[in-house]
2 protein chains.
Amino acid sequence: MRLNTTDLERLKGSLKQAGLKPTRQREHVLSVLLARRDHPTVEEVWQRSRTLSRGISLATVYNCLESFVESGLVKQVNYEREPTRYCPNLRPHAHFKDQETGRVYDIDLPNEVLIQLNSILPEGFRPEAIEISFHGRTKQQAS
Amino acid sequence: MRLNTTDLERLKGSLKQAGLKPTRQREHVLSVLLARRDHPTVEEVWQRSRTLSRGISLATVYNCLESFVESGLVKQVNYEREPTRYCPNLRPHAHFKDQETGRVYDIDLPNEVLIQLNSILPEGFRPEAIEISFHGRTKQQAS
DNA sequence: TTGATATTTAGAATGATTCCAATTCTTATG
DNA sequence: CATAAGAATTGGAATCATTCTAAATATCAA
Ligand SMILES: [Mn+2]
Ligand SMILES: [Mn+2]
Ligand SMILES: [Zn+2]
Ligand SMILES: [Zn+2]
């Protein structure tokens with residue numbers, strides 16, 4: 001859970017590269033996201049950040065995550081109108097939500113699938129993003 | 001916008017078949033959804049229902065739409081955390097949201113695409129539903 | 001027709017998120 | 001290193017889609 005100096009520097013690099021000032025809170029929130037890639041909600045990120053020495057406010061967790069999304073460091077994941085979840089996986093991927101455990105898994109998207117998906121759009125439709133969400137059950141704790 | 005007797009009877013049939021009592025309000029809300037398949041929000045369905053003689057409450061619009069969803073007559077469509085939209089198209093289809101106009105279009109899903117999508121899931125993942133949402137721009141008013 | 005059950009309704013409550021204004025940081029500059 | 005301007009953090013208030021409540025109405029099988 002604690003970052004070594006190398007990881008911390010790399011993380012600061014990510015923030016700077018994204019045009020964000022590397023504050024103590026941002027470093028911590030980002031490290032929380034990278035530590036367990038289980039698509040936590042804001043509330044969950046906040047809980048996991050309580051270990052931070054002087055604490056962190058819920059508003060700041062919202063602000064950090066928002067700035068990460070704007071700068072492309074993380075993506076939001078929504079299921080219906082449940083609290084938004086956050087995902088640091090930048091590869092093209094879909095999500096699968098196990099409706100029994102509530103866990104959300106990453107599903108890698110092969111390029112051929114993306115191509116086939118774009119091919120179903122009528123003439124003149126220019127997609128900028130696509131979101132693919134499964135939900136169902138899973139027999140094993142894969143991925 | 002007004003239903004003829006034949007349509008009304010068919011609509012009552014749908015409700016009864018779904019195990020729902022065919023009330024004046026449900027008939028009206030469903031007819032509103034079927035009249036313009038443009039994925040209206042609750043608020044929009046409510047506006048379009050003001051023509052109903054004795055009016056209809058917002059709570060009832062929520063209730064009607066919820067009962068339609070539960071009985072499988074309509075589907076919900078969510079984009080981020082915007083107000084939920086409602087769709088009476090029961091064929092397998094994706095959605096495309098034009099970010100300039102806000103309009104949401106239906107995109108038919110060929111069976112081969114569904115099959116390919118299921119094939120990307122790891123062993124043991126049993127999907128019960130899949131949601132596919134594009135957003136971007138569109139050059140023409142197709143669909 | 002009538003009673004049991006379901007639906008409708010206005011308004012209150014909820015809860016995730018956003019907004020606000022005051023305080024504290026960060027960092028460029030001298 | 002000191003300073004100042006802009007950026008980030010913060011607690012609490014505000015927003016707003018949605019859900020809940022409990023009282024009034026409507027539906028329908030018997
Ligand atoms: Mn977007
Ligand atoms: Mn579902
Ligand atoms: Zn993910
Ligand atoms: Zn649709």
Side-chain angles (χ1 to χ4, degrees), chain A residues 8-9 11-30 32 39-47 49-50 52-71 73-86 102 104, chain B residues 8-9 11-32 39-47 49-50 52-71 73-74 76-86 102 104:
Chain A
L8 183 62
E9 285 313 313
L11 199 150
K12 281 185 178 178
S14 295
L15 290 175
K16 173 167 282 188
Q17 200 171 350
L20 299 173
K21 297 209 164 107
T23 65
R24 180 175 58 96
Q25 291 89 340
R26 282 177 178 161
E27 285 160 14
H28 195 80
V29 168
L30 186 51
V32 162
H39 307 87
T41 62
V42 171
E43 229 18 83
E44 287 167 341
V45 171
W46 188 42
Q47 291 309 328
S49 301
R50 304 312 287 274
L52 192 54
S53 52
R54 295 203 288 327
I56 183 173
S57 75
L58 181 58
T60 298
V61 177
Y62 271 102
N63 289 340
C64 289
L65 291 171
E66 179 183 47
S67 64
F68 296 165
V69 170
E70 280 173 3
S71 65
L73 279 180
V74 315
K75 295 222 275 280
Q76 295 182 314
V77 180
N78 286 285
Y79 270 94
E80 321 255 300
R81 291 184 58 81
E82 292 171 9
T84 299
R85 297 170 176 281
Y86 292 84
V104 175
Chain B
L8 183 63
E9 284 314 312
L11 196 151
K12 281 185 175 175
S14 295
L15 291 175
K16 173 167 282 188
Q17 198 171 348
L20 299 173
K21 296 206 163 108
T23 65
R24 179 175 57 95
Q25 291 88 339
R26 282 176 177 162
E27 285 161 14
H28 195 80
V29 168
L30 186 51
S31 78
V32 162
H39 307 88
T41 63
V42 172
E43 205 64 45
E44 287 167 342
V45 171
W46 189 40
Q47 291 309 329
S49 301
R50 304 312 289 276
L52 192 54
S53 52
R54 281 178 345 288
I56 184 174
S57 76
L58 181 58
T60 297
V61 176
Y62 271 101
N63 289 340
C64 289
L65 291 171
E66 178 185 48
S67 64
F68 295 165
V69 169
E70 280 173 2
S71 65
L73 279 181
V74 315
Q76 294 182 315
V77 180
N78 287 285
Y79 270 94
E80 319 255 305
R81 293 185 56 82
E82 293 171 9
T84 298
R85 297 171 176 281
Y86 292 83
V104 175

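Reminder, nothing fancy here: chain letters follow the sequence lines and each chain counts from 1.
The distance between atom CG of B:Asn63 and atom P of C:dT9, rounded to the nearest whole Å, is 9 Å. Computed from coordinates, the A:Phe68 CZ to D:dT9 C1' distance equals 13 Å when rounded to whole Å. In this entry the distance linking CD of B:Glu43 with P of D:dT19 reads 14 Å, nearest Å. In this structure, the NZ atom of A:Lys21 is 9 Å from the C1' atom of D:dA5, given to the nearest Å. Here the P atom of nucleotide C:dT26 and the NZ atom of A:Lys16 are 13 Å apart, to the nearest Å. We find that CD of B:Gln76 is positioned 9 Å from P of D:dT18, with the value rounded to whole Å. Rounded to whole Å, atom P of C:dT8 lies 9 Å from atom CZ of B:Arg24. Rounded to a whole Å, the CH2 atom of A:Trp46 is 13 Å from the P atom of C:dT17.
With the nearest nucleotide of DNA chain C identified for both A:Glu66 and B:Ser57, B:Ser57 has the one nearer the 5' end. Residue B:Val61 is the one, among B:Val61 and B:Arg81, whose nearest nucleotide of DNA chain C lies closer to the 5' end (criterion: closest heavy atom).
Within 4.0 Å of B:Thr60, counting heavy atoms only, lies at least one base atom of the nucleic acid. Residue B:Thr84 is classed as a sugar-phosphate contact, given heavy-atom separations below 4.0 Å to backbone atoms only. Using a 4.0 Å heavy-atom criterion, one finds that A:Thr41 contacts no nucleic acid atom at all.
Judged by distance alone, the side chain of B:Glu66 and the main-chain N or O of B:Asn63 form no donor-acceptor pair under 3.5 Å. In this structure a side-chain-to-backbone donor-acceptor pair under 3.5 Å is present from A:Trp46 to A:Ile56.
Taking the side chain of B:Ile56 as heavy atoms from C-beta on, and the options D:dC28, C:dT8, C:dT9, the nearest nucleotide is C:dT9. Side chain of B:Pro83, nearest nucleotide from C:dA10, C:dT17, D:dT18: D:dT18. Candidate nucleotides C:dT9, C:dT7, D:dT9 were compared by shortest atom distance to the side chain of B:Gln25, and C:dT9 ranks first. Side chain of B:Ala59, nearest nucleotide from C:dT18, D:dT18, C:dA10: C:dA10.
Not one side-chain nitrogen or oxygen of B:Thr23 sits closer than 4.0 Å to the OP1 or OP2 atom of D:dT27. For D:dA8, one of the phosphate oxygens OP1 or OP2 lies less than 4.0 angstrom from a side-chain nitrogen or oxygen of A:Arg26.
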